[in-house]
*Asks:* 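The structure is given below, and queries will be raised subsequently.
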Amino acid sequence: MSERYDPGAIESKWQAIWDRDKLHSVAEDSDLPKKYVLEMFPYPSGDIHMGHVRNYTIGDVIARAATMQGYNVLHPIGWDAFGLPAENAAIASATHPSTWTYANIERQKASLARMGFSYDWDRTVVTCDADYYRWGQWIFLKFWERGLVERRSSPVNWCPSCATVLANEQVIGDGVCWRCGSRVEKRELEQWYFKITDYAQELLDALEDLPGWPERVKTMQANWIGRSEGAEVLFALCDERGEPTDERITVFTTRPDTLFGCTFFLLAPEHPLAMRLAGGTEHESEVRAVIEAAARETSVERSLGERQKWGAFTGRYVVNPVNGEKVPVWVSDYVLMEYGTGAVMAVPSGDQRDFEFARQYGLPIPPAVIREDDPMLEKLRASQERVLDDVDWECAYDGPGVMVQSGRFTGLPGGKNSRGVSEVIEWLAERGAGRAAVNYRLRDWLISRQRYWGNPIPAIYCGACGLVPVPENELPVVLPMDVDITKGETLADHPEFYETTCPQCGGPARRETDTMDTFTCSSWYYLRYCDARNDSAIWDKAKADYWMPVDQYIGGIEHAILHLLYSRFFTKVFRDIGITEASEPFTNLLTQGMVKLDGHVMSKSRGNVVAPEDMISRFGADTLRAYVLFMAPPDKDLEWSYEGVEGMHRFLMRAWRLVTEVCAEVSPDVPPLGTSDAGKDLRREVHRVIGKVTRDVEQFGFNTALAALMELVNAAYDYRNKVGPAERDRSTQLECCESLVLMLAPFVPHMSEELWSNYVRREGSVHVQGWPTSDARIAAADEIELAVQVNGKVRGRVVVPAGTAPDAIESAAREAVNDHLAGKEIVKTVAVPGKLVSFVVR
RNA sequence: GCGGGUGUGGCGGAAUGGCAGACGCGCAUGGUUCAGGUCCAUGUGGGGGCAACCCCGUGAAGGUUCAACUCCUUUCACCCGCACCA
């Protein structure tokens with residue numbers, strides 16, 4: 001009677017019906033509590049891969065389960081469609097980036113539909129559509145109004161292969177381009193920046209308000225922001241004759257308590273002062289050599305491993321404000337222009353790098369902060385002379401200790417965040433020679449790109465007025481389609497694009513021809529989903545406030561800094577502009593693990609990919625979905641196994657057969673619900689599994705939830721093997737099948753729908769049913785098995801009726817381990833209700 | 001160097017401090033089948049014993065506890081992020 005499980009037929013049938021009925025469209029007018037479930041949107045770089053399948057399946061289970069549990073669920077999808085891969089593909093295949101991009105979007109859309117994901121397709125956004133990117137330009141203008149946009153010249157990361165600049169966050173690993181892996185070079189260029197550093201402190205502090213984020217991601221962001229507390233100290237520059245001038249050079253230090261140990265002063269090779277000081281002197285050639293060598297090297301090579309430090313004396317001195325000492329100014333390649341002020345005070349006794357430099361060039365190493373138990377302490381106390389060097393020192397000491405040879409501060413505790421630090425700062429501040437300061441590693445976000453396939457920056461250069469924003473009512477600045485990327489063209493090759501008039505004075509002007517970093521497009525798409533079709537505003541605030549923040553975000557760990565930091569920044573600016581109430585975009589974050597084959601991440605270049613489409617064709621989308629959920633917890637890497645896929649397919653067929661057989665059995669003279677022992681056992685198992693699966697889904701334990709469903713199917717077969725067809729309790733079996741199908745629904749939506757609609761209930765969609773509830777009274781066992789331990793080892797077990805008095809349990813337990821108690825004295829008895837009884841004997 | 005994470009059978013993986021190895025894969029035996037596959041049943045951490053049972057076992061070494069994969073200390077290996085950051 002029952003039909004074979006045929007995923008191919010079932011899946012396409014239900015996909016068409018769900019689509020026709022708009023089963024997954026949502027509105028903001030529900031009485032139900034909202035839940036916004038979001039997966040990171042794909043880049044349309046070809047077919048979807050297993051990483052997408054895993055990411056979107058996890059999100060789909062969360063979204064579908066939430067719907068059944070009574071939430072109004074927003075679950076949208078879109079495409080992150082601007083970017084270099086489209087240009088590269090266009091060059092390779094002699095097409096236009098838009099042709100390639102939209103074709104891929106259609107292919108991916110079809111694959112996602114085949115997977116049966118519950119998206120509200122009416123909200124789809126594609127970032128290269130003008131009705132999306134115009135709002136990206138609008139955001140740019142708003143940022144500009146708020147002083148968060150800057151155009152300035154500074155050393156930037158240049159990818160020679162991509163022929164564009166990159167943000168700091170896009171330089172990864174050993175200093176390579178995040179996208180193509182080429183070595184990144186340093187260039188001095190004028191570029192557009194978003195001033196994310198204005199939000200550095202809040203981006204750091206607010207991490208504490210994100211308990212739903214993995215610790216790992218928060219730590220990575222905190223490290224990236226890299227807050228250091230310390231002081232700015234002003235050193236007076238001396239003239240050629242060594243006489244102090246009014247010019248001050250500022251350094252940042254975390255250790256002002258070591259100022260008395262400063263014996264030289266360092267400038268980064270890029271520091272403008274370097275050549276100014278040494279130029280035209282006997283030191284010029286040596287200083288120039290250091291500067292030129294540093295310029296030849298990439299910043300990567302400069303920071304690689306243990307390398308010899310190299311420097312040159314400029315011939316000039318600066319005055320140490322705490323003791324008036326003149327210390328020589330050197331230029332060295334271990335000082336970075338991009339951190340702090342590009343100038344540092346060197347304390348060789350307290351900093352290993354300075355120590356090495358001092359040893360190399362024979363500069364003095366006077367102790368400033370030493371260990372309290374350092375034998376040198378006594379010697380220094382006794383000595384009237386300043387100890388300038390101690391040959392015993394093997395390396396610098398940067399731990400906590402006591403300040404020595406430090407004038408009025410001598411004897412104070414020193415070290416990071418010590419009293420010595422705060423007292424020195426206070427002293428400096430009183431004399432205008434310094435102040436407390438905080439320094440961040442985070443740099444401003446360089447957002448301009450010298451590429452065609454991106455969102456045009458809405459700015460105009462006017463000879464008379466300077467930089468002028470494109471007026472809001474002239475948006476969008478449309479990206480022209482007639483640019484021939486195969487000839488290496490960019491917007492700068494198209495006068496009809498860039499020739500314009502100044503919005504302010506009406507004179508001839510030139511449009512900006514750079515486009516924005518694609519990460520600007522992906523930093524606000526989750527807000528646009530809230531009101532995706534709005535053509536008069538970026539979104540309706542009420543709608544955004546209804547859905548935001550995203551309750552559950554799911555995506556790869558590779559975005560731990562880039563996308564997630566930028567999105568947090570955007571959301572905070574939006575809040576300050578007043579277009580959202582949300583302060584953080586993503587309340588809970590799940591970073592899913594990678595899908596690997598033979599221990600390696602699947603990749604086209606490695607040639608170890610398993611195509612989702614093949615798997616769908618062979619086993620069906622439901623099998624693939626359940627498989628990727630079952631093989632590992634969502635945040636762990638998943639090792640692909642073809643046998644594992646087959647195993648999951650077997651389970652689905654087994655579940656299918658169970659439900660169809662049970663529903664086909666017609667025996668009206670069935671005993672009432674769960675009266676036989678076997679029937680009671682099955683019913684108990686049903687309710688135990690409901691409880692287990694409910695908890696597991698809540699905690700994203702999809703692998704254990706599926707395991708519990710397997711146990712339920714196994715239990716149902718056990719029952720049917722034990723009880724003859726005539727005696728089988730049809731009500732209990734139906735309750736079992738109904739619960740099973742309801743719980744399977746988020747995992748294997750097509751099969752569940754087919755079983756629900758054509759076998760179990762024959763009415764309504766399974767996906768709009770309520771989630772089953774576990775009845776604790778039914779789930780409770782009437783008999784409990786307890787382990788009995790003697791001195792911590794299990795020596796026996798007892799079965800007692802539920803509710804047996806503790807005394808009776810204990811004596812039964814004693815009986816069960818009689819042999820082990822013989823001749824011994826029971827010193828202690830520990831009873832854990834429902835678990836075990838433990839005797840301690842002597 | 002700093003920060004984060006992971007170590008459990010042949011494999012993927014389970015275990016609010018309470019019977020380690022759920023569930024699945026693989027494997028073995030038997031059944032169904034003309035046969036292969038499918039499917040069904042049973043077994044499956046290591047060692048010892050005819051056996052009821054006993055000993056060992058969660059990277060390593062200590063500790064706390066009646067009881068430790070789980071908590072504490074030390075340590076090893078691997079993975080990830082940052083890094084001449086002053």
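Below, read A as the first sequence line, B as the second, and so on, with proteins coming before strands; counting in each chain starts at 1. As the structure is a computational prediction, the values presented were derived from the model and not from experiment.
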*Asks:* Find every protein N or O atom lying less than 3.5 Å from an N or O atom of nucleotides 63-65 of chain B, and list the pairs.
*Replies:*
none

*Asks:* Looking only at atom C1', what distance separates B/U75 and B/A22, rounded to whole Å?
*Replies:* 32 Å
*Asks:* Kindly point out which of B/G18, B/C39, B/A86 is positioned nearest to the side chain of A/Ser228?
*Replies:* B/A86
*Asks:* Using Watson-Crick or G-U wobble geometry with both distances below 3.5 Å, tell me the partner of B/G12, or none.
*Replies:* B/C23
*Asks:* So does A/Glu169 pair up with A/Arg443, basic N to acidic O under 4.0 Å?
*Replies:* no
*Asks:* Rounding to the closest angstrom, what is the interatomic distance between B/U32 and B/G48 at atom P?
*Replies:* 35 Å
*Asks:* To the nearest 0.5 Å, what is the distance between CE (A/Met653) and OH (A/Tyr5)?
*Replies:* 9.0 Å
*Asks:* Tell which nucleotide pairs with B/C34, taking only Watson-Crick or G-U wobble pairs whose two distances are both under 3.5 angstrom.
*Replies:* none
*Asks:* Among residues 248-262 of chain A, which contact RNA chain B at a heavy-atom distance under 4.0 Å?
*Replies:* A/Phe252, A/Thr253, A/Thr254
*Asks:* Under a 4.0 Å N-O cut-off, is there an ion pair linking A/Asp718 with A/Lys722?
*Replies:* no
*Asks:* Expressed in angstrom and rounded to an integer, what is the separation of A/Arg618 atom CZ from B/U38 atom C1'?
*Replies:* 15 Å
*Asks:* Which one, B/C66, B/C84, B/C82, comes nearest to the side chain of A/Val830?
*Replies:* B/C66
*Asks:* Between A/Arg353 and B/C85, is there a contact of a side-chain N or O with OP1 or OP2 at under 4.0 Å?
*Replies:* yes
*Asks:* Need the pair for B/G1. Rule: Watson-Crick or G-U wobble, both distances under 3.5 Å, any strand; none if unpaired.
*Replies:* B/C82
*Asks:* Taking the C1' atom of each, how far is B/A68 from B/A20, in whole Å?
*Replies:* 11 Å
*Asks:* For A/Arg654, enumerate each residue passing the side-chain contact (heavy atoms from CB on, under 4.5 Å) test, keeping only those at least two apart in sequence or located in another chain.
*Replies:* A/Val713, A/Asn714, A/Tyr717
*Asks:* Out of B/C19, B/C85, B/G4, which has the shortest distance to the side chain of A/Gln789?
*Replies:* B/C19
*Asks:* Is any NZ, NE, NH1 or NH2 atom of the basic residue among A/Glu639 and A/Lys596 found under 4.0 Å from an Asp or Glu carboxylate oxygen of the other?
*Replies:* no
*Asks:* For every nucleotide of nucleotides 22-32 of chain B, 5' to 3': is a protein heavy atom under 4.0 Å from its base (B), only from its sugar-phosphate (S), or from neither (-)?
*Replies:* BBSSS------
*Asks:* Between A/Phe747 and A/Phe702, what is the ring plane arrangement, given parallel below 30°, perpendicular above 60°, and tilted in between?
*Replies:* perpendicular
*Asks:* Is the phosphate of B/C80 approached by A/Arg216 (side-chain N or O, under 4.0 Å from OP1 or OP2)?
*Replies:* no
*Asks:* One pair to check against salt bridge (charged side-chain N to carboxylate O under 4.0 Å, His left out): A/Lys218 and A/Glu208. What are the steps and the verdict?
*Replies:* CA-CA 9 Å; A/Lys218 288 191 279 189; A/Glu208 286 172 29; over 6 Å; no
*Asks:* Would you be so kind as to tabulate the donor-acceptor pairs closer than 3.5 Å made by side chains of residues 250-258 of chain A, with sequence neighbours excluded?
*Replies:*
from     : atom 1 : to       : atom 2 : distance (Å)
A/Thr253 : OG1    : A/Arg255 : N      : 2.9
A/Arg255 : NE     : A/Asp257 : OD1    : 2.9
A/Arg255 : NE     : A/Asp257 : OD2    : 3.3
A/Arg255 : NH1    : A/Asp398 : O      : 3.3
A/Arg255 : NH2    : A/Asp257 : OD2    : 3.0
A/Asp257 : OD2    : A/Gly415 : N      : 2.7
A/Thr258 : OG1    : A/Arg255 : O      : 2.8

*Asks:* How would you list, by chain and number, every residue that makes a ring-ring contact (aromatic ring centres under 6.0 Å, His included) with A/Phe265, sequence neighbours excluded?
*Replies:* A/Phe235
*Asks:* Not counting sequence neighbours, which residues clear ring-ring contact (aromatic ring centres under 6.0 Å, His included) with A/Phe357? List them please.
*Replies:* A/Phe264, A/Trp330, A/Tyr334, A/Tyr361
*Asks:* Return whichever of A/Met653 or A/Leu836 has its heavy-atom-nearest nucleotide of RNA chain B closer to the 5' end.
*Replies:* A/Leu836
*Asks:* Watson-Crick or G-U wobble partner for B/A77, using a 3.5 Å limit on both distances?
*Replies:* B/U6
*Asks:* Which atom names give the shortest non-hydrogen contact between A/Leu259 and A/Asn320, and what distance separates them?
*Replies:* O-ND2, 2.9 Å
*Asks:* Roughly how many Å is it from NE2 in A/His559 to C1' in B/C80, rounded to a whole number?
*Replies:* 16 Å
*Asks:* What pairs with A/Phe519 under ring-ring contact (aromatic ring centres under 6.0 Å, His included), at least two apart in sequence or on another chain?
*Replies:* A/Trp178, A/Tyr566
*Asks:* Is there a Watson-Crick or G-U wobble partner for B/C71 with both distances under 3.5 Å, and which nucleotide is it?
*Replies:* B/G63
*Asks:* Rounded off to whole Å, could you give me the CZ-to-P distance for the A/Arg797 and B/G18 pair?
*Replies:* 16 Å
*Asks:* Using the glycosidic torsion, which applies to B/G30: syn (within 90° of 0) or anti (everything else)?
*Replies:* anti
*Asks:* Sort out the partner of B/A41 for me: Watson-Crick or G-U wobble, both distances under 3.5 Å, none otherwise.
*Replies:* B/U29
*Asks:* Partners of A/Asn417 by side-chain contact (heavy atoms from CB on, under 4.5 Å), sequence neighbours excluded?
*Replies:* none
*Asks:* Rounded to whole angstrom, note down the P distance from B/C69 over to B/A60.
*Replies:* 11 Å
*Asks:* Under 4.0 Å between any heavy atoms, over every strand shown, what does A/Gly226 touch: base, sugar-phosphate, or nothing? Just pick one.
*Replies:* nothing
*Asks:* Taking atom C1' of B/C85 as reference, at what distance in whole Å does atom CE of A/Met345 sit?
*Replies:* 14 Å
*Asks:* Could you state the CG-P distance from A/Leu652 to B/U38, rounded to the nearest angstrom?
*Replies:* 17 Å
*Asks:* Find the distance A/Lys596:NZ to B/C78:C1' and express it as a whole number of Å.
*Replies:* 11 Å
*Asks:* Nearest nucleotide by nearest heavy atom, which residue falls closer to the 5' end of RNA chain B, A/Asn223 or A/Val344?
*Replies:* A/Asn223
*Asks:* Looking at residues at least two apart in the chain, or sitting in another chain, which of them share a ring-ring contact (aromatic ring centres under 6.0 Å, His included) with A/His559?
*Replies:* A/His563
*Asks:* Polar-atom pairs under 3.5 Å, protein N or O versus N or O of nucleotides 48-58 of chain B: list them with distances, or write none.
*Replies:*
from  : atom 1 : to       : atom 2 : distance (Å)
B/C54 : OP1    : A/Arg795 : NH1    : 3.2
B/C55 : OP1    : A/Arg795 : NH2    : 3.3
B/C55 : OP2    : A/Arg795 : NH1    : 3.3
B/C56 : OP2    : A/Lys793 : NZ     : 3.2

*Asks:* To the nearest Å, give me how far apart NE2 (A/His649) and P (B/U38) are.
*Replies:* 12 Å
*Asks:* Quote, to the nearest angstrom, the P distance that separates B/G45 from B/G10.
*Replies:* 10 Å
*Asks:* Over how many whole Å does the gap from A/Leu562 atom CG to B/G81 atom C1' extend?
*Replies:* 12 Å
*Asks:* What distance, rounded to whole Å, do you find between the two P atoms, one in B/C79 and one in B/U8?
*Replies:* 15 Å
*Asks:* Can you name the nearest heavy-atom pair linking A/Ala655 to A/Met751, along with the distance?
*Replies:* CB-CE, 4.1 Å
*Asks:* Strictly by side chain to side chain donor-acceptor pair (under 3.5 Å), give each pair with a member in residues 814-835 of chain A just once, sequence neighbours left out.
*Replies:* A/Glu810-A/Arg814
*Asks:* Is A/Glu711 salt-bridged to A/Arg688, cutoff N-O under 4.0 Å?
*Replies:* yes
*Asks:* Between B/G59 and B/G26, how far is it from one C1' atom to the other, in whole Å?
*Replies:* 25 Å
